[in-house]
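Reviewing the structure listed below.
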Amino acid sequence: MSGNQAPEFTWPDDDISRVPYQVYTDADIYAREQAQIFQGPTWNFLCLEAELPNPGDYKTTFVGEASIIVTRDDDGAINGLLNRCAHKGALVCYKPCGNTRHLTCVYHNWSYDLDGNLAAVAFSKGVGGQGGLPDDFETAGHGLQRLRIETYRGLIFGTFSDATPAFADYMGPKLLASIDRVLIKPLKVLGYHSQMLPNNWKLYAENTRDSYHASLLHVFHNTFGIVRPNMRGGVQIADSGWHHRSYAERVPAGDVEIDKEKVRSLKNQYSLDDVSLMEHVEELGDTVTNSIQTVFPSLVIQQILNALAVRQLVPRGPDRSELFWTILGFEDDDDALLELRLKVNNLVGPAGFVSMEDGLAGGLVQRGAVADPAARTVMPMGGPGIEPSVGSRVTEAAVRGFWKGWRECMGI
Amino acid sequence: MNTDQSLRLRIEDLFTDYVHTIDDDRLEEWPDYFTDAGRYRIITRENHERGLPAALIYCDGKGMLRDRISAMRKANVFDPQTYCHTGGAVQVVGADDDGIQVRSNFTVIRTLSDGAMSTFACGRYLDRITEEDGALKFAERTVVIDSRRVDTLLVIPL
Ligand SMILES: [Fe+2]
C-alpha cells in the first residue's frame, strides 16, 4: 500500500442502524463487493425459466457487473456461464437472447457447447502444418466458467461460491413460503424495461426494505383517498436478516377500530377520474394487496394488487445502478385479467404512481452522502435489531437486516 | 399513401400543437388531444417488436389520461424538469373506418433544474387519428421508445 492511499474501510462498531456514508461512494468498497457479495456466498437472480422454454435458448444477464449467459441445454438443464471467452476474455454472447447450437466467440471463433465446454478452436491444427494449438493443449480446462444453479418456482438463481447454502436454507422457511404464495403457476413474461438510478445499488436495496418510507414519500394513495383505514400489514424478516417481505392486507371493515382522525383527513381529497387501476382480483388465496419481497442481494419479487413483477438490481459503478423490471402474468390468464394487470402496472415501474419517487430518493441520499464519508445515517425505527413486525410497517428492521448480511459477506 | 394536402397539414398542426402543449407545461390540456375512449401507451421498442404488451404508461380513456396529470400535479415527487420535443418524418400509412394511421419520429431533450440536459427519449409515434366535432383527435397514440432504459423516472408524458 502506498503512503498516501486511504486506509481500508472498517465499520466503526457493531451498530447496524448507523451506516457510514463512505459505503455509498467508495470505489474500493465497490470493487470488494463484486468479489464478496455478488461473487460471494449469495444466490443471484439470473432470469426466468419461462424465458428459456426450448433447448438452445439463451439469455444474457448480470451478477453484479459480471455478464452471465444462461442456457437451456439438450437435456433440458439450465446452465449459468460467465460470459467471457477462455481465449482473450471477450464477451461470447453480446446479444440479449436467442437460440443457438453453440456459443461462439466472434473474435477468434472459439466455440462452446451449451454447457460451456470448449468444443472447437478455429485453426486448431494450423494451416499447412504451421501454427495451431500445441500438442499438449487441453480443451477440457478451457471452458466457460460455470456458476452453480438452482431454480425455484420458475426463478433461476446462480452463485459463484461453493459456500452458498442450498437455496431453501438460504431463504429460510418463512420467506420461501412467501415466494410460494405469489408464484403459484407457470409464469408468462408481459414485458421488460429498465430504470437507471442515480445512486449506489445499496440505496435501492435499502429502499425496497424500507417499509417506513412507503406512505411518506409515495403520497399517491393518500392524495386520492385510496388508503382505507382498514388496512393492516407487517414485515417478515429472515432469521439471517438478509431477506424480507413487507405486506399489507385488506381486512373486513368490522374487524378494526376505525381511526376517526384519519377518516377526517381523507375528506376533501382529490379523487381519480378512473379507479379501474385500483381493482383487485384476489387470485393468490388471501386478501393481501401489496407484497414486496427481497432476496439478498439483488432481487425484488413484487405483488401490488394484480401487478406482478421481478426487479433485478445491477450495480453500474459506485454512484449508479440499473434496475431491470420484468413484468409478469400467469400462462393461463384470460384477456380480462391480462388487461387488469396492464392497467395496475401504471402504479409501478419508472413511471409508476407509487414508485417513481424511488428513482429520486436514492439520488438525494447519494448527493447528500458525499459531504462527509465518515458521518453516518441514523435508522432507529423499530430498532435497533432485525425483529419482524406484525401490525405495523413503521420499522427499519429489514434495512438493518440488509446491513447485517452485507457486513457478513464483506467481513467488515 | 396519397393524402389530400389539406388533411396532411391538419395532421401536422395537431402534432405541433400537441408537443407545444407538453413543452409549455399546459398539461391540463393534454387529455383533450384524445377522444373520450382514447388510448395512450408508452412502450419500449423491444416489447413492441416482440409483441409483449406491458407499457411504462397505459391510459385507456380520458379519465386515465386526466389522472396521469393530476397525479403528477398533486402527488408525485420529482426533480423539476422540462421537455423539448422535436419531430418529423410524418407518414400517413393508411386510412379506414377506424381512422387515419400515421407514424412519425420524435426526440425529447430533457432539462433538469441544475441545467443537466440529456436525450431523454427518441422513437416513433404510431397514431390512429379520427375527426370529432370538426377537430382531429387521437383515438390511439402509441409512443414506441427506442431504448428500454429510462433515466431515473418518467413523469411528463411524451
Ligand atoms: Fe418506495
Side-chain angles (χ1 to χ4, degrees), chain A residues 96-97 188-199 217-224 226 269-277 307 309 320 322-329 338-339 341-364 367, chain B residues 31 36-81 112-114 116 118 120-121 143-158:
Chain A
C97 58
K188 182 175 184 180
V189 173
L190 303 183
Y192 304 95
H193 39 246
S194 79
Q195 181 176 13
M196 286 307 297
L197 300 171
N199 53 261
L217 176 65
H218 309 297
V219 299
F220 176 82
H221 286 81
N222 283 324
T223 301
F224 295 105
I226 298 162
Q269 290 294 323
Y270 302 109
S271 59
L272 292 176
D273 275 8
D274 185 339
V275 294
S276 61
L277 82 170
R320 270 160 45 105
E322 184 166 4
L323 188 64
F324 287 82
W325 298 75
T326 304
I327 298 110
L328 299 172
L338 172 62
E339 178 70 8
R341 292 197 204 285
L342 298 177
K343 280 191 179 180
V344 180
N345 195 50
N346 278 294
L347 295 173
V348 282
F353 287 134
V354 297
S355 73
M356 71 171 76
E357 291 88 1
D358 293 326
L360 172 74
L364 295 178
R367 285 187 257 169
Chain B
D36 286 346
R39 282 175 104 227
Y40 174 79
R41 294 187 305 151
I42 300 177
I43 188 167
T44 66
R45 183 171 182 150
E46 177 188 15
N47 289 347
H48 185 70
E49 290 182 350
R50 292 172 66 175
L52 298 171
L56 286 149
I57 290 179
Y58 170 34
C59 299
D60 184 30
K62 222 172 204 171
M64 291 184 78
L65 290 158
R66 286 198 205 99
D67 290 341
R68 264 287 154 190
I69 303 307
S70 38
M72 174 186 160
R73 295 291 196 218
K74 292 161 186 137
N76 290 128
V77 191
F78 49 92
D79 261 341
Q81 51 191 265
L112 300 176
S113 59
D114 67 357
S118 62
F120 181 60
V143 188
V144 181
I145 55 173
D146 279 354
S147 176
R148 63 133 203 277
R149 189 189 267 184
V150 173
D151 178 37
T152 308
L153 58 83
L154 167 61
V155 63
I156 302 171
L158 295 170

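Numbered from 1 within each chain, the chains take letters A, B, ... in sequence-line order. Small disclaimer: the values here were computed from a predicted structure and weren't measured.
Heavy atoms from other residues, nucleotides or ligands lying under 6.0 Å from NZ of B:Lys62 number more than 12. Residue B:Arg39 places its CZ atom among more than 12 non-hydrogen atoms of other residues, nucleotides or ligands, all under 6.0 Å distant.
Only the side chain of A:Leu338 has a heavy atom closer than 4.5 Å to any heavy atom of chain B.
Comparing B:Asn76, B:Leu52, B:Leu65 by how many heavy-atom pairs each has under 4.5 Å with chain A, the most go to B:Asn76. Annotation: maximal heavy-atom pairing with chain B below 4.5 Å, among A:Ala351, A:Gly191, A:Gly349, A:Gly352, occurs at A:Ala351. Ranked by heavy-atom pairs under 4.5 Å with chain A, the first of B:Ile43, B:Asp79, B:Asp151, B:Val150 is B:Val150. By number of non-hydrogen pairs under 4.5 angstrom with chain A, the leading residue of B:Met72, B:Arg68, B:Met64 is B:Arg68.
A:Phe324 does not carry B:Arg149 over the face of its six-membered ring by the limits of under 6.0 Å from the centre and within 45° of the normal.
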Tell me, with the steps shown, if B:Arg41 and A:Leu342 meet side-chain contact (heavy atoms from CB on, under 4.5 Å). CA-CA 11 Å; B:Arg41 294 187 305 151; A:Leu342 298 177; over 6 Å; no

Derivation and outcome, side-chain contact (heavy atoms from CB on, under 4.5 Å), residues A:Tyr192 and B:Thr44: CA-CA 8 Å; A:Tyr192 304 95; B:Thr44 66; 5.8 Å; no

Apply side-chain contact (heavy atoms from CB on, under 4.5 Å) to residues A:Trp325 and B:Arg148 and explain how you reach the verdict. CA-CA 10 Å; A:Trp325 298 75; B:Arg148 63 133 203 277; over 6 Å; no

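Of the inter-residue distances, the one linking A:Asp273 atom CG with B:Ile69 atom CD1 reads 12.0 Å to the nearest 0.5 angstrom. B:Leu154 CG to A:Gln195 CD: the interatomic distance, rounded to the nearest 0.5 Å, is 9.5 Å. Rounding to the nearest 0.5 angstrom, the gap separating the CZ atom in B:Arg50 from the SG atom in A:Cys97 is 4.5 Å. Here the CE-OG1 distance, from A:Met196 to B:Thr152, works out to 8.5 Å after rounding to the nearest 0.5 Å.
Taking a cutoff of 4.0 Å between a charged side-chain nitrogen and a carboxylate oxygen, B:Asp67 and A:Lys343 do not qualify as a salt bridge.
Scanning all heavy atoms of the two residues, the minimum distance from A:Phe224 to B:Ala75 falls at CE1-CB, 4.1 Å. Summarising the geometry of A:Asp274 relative to B:Gly63, their closest heavy-atom pair is CB-C, 4.0 Å, with the distance given to 0.1 Å. Closest approach of B:Asp60 and A:Glu339 over heavy atoms only: OD2-OE2, 3.9 Å. When all heavy atoms of B:Ala55 and A:Asn345 are compared, the pair lying nearest together is O-ND2, 3.2 Å.
The shortest distance between side-chain heavy atoms of A:Asn346 and B:Ile57 falls below 4.5 Å. The side-chain heavy atoms of A:His193 and B:Ile145, taken from C-beta on, include no pair separated by under 4.5 Å.
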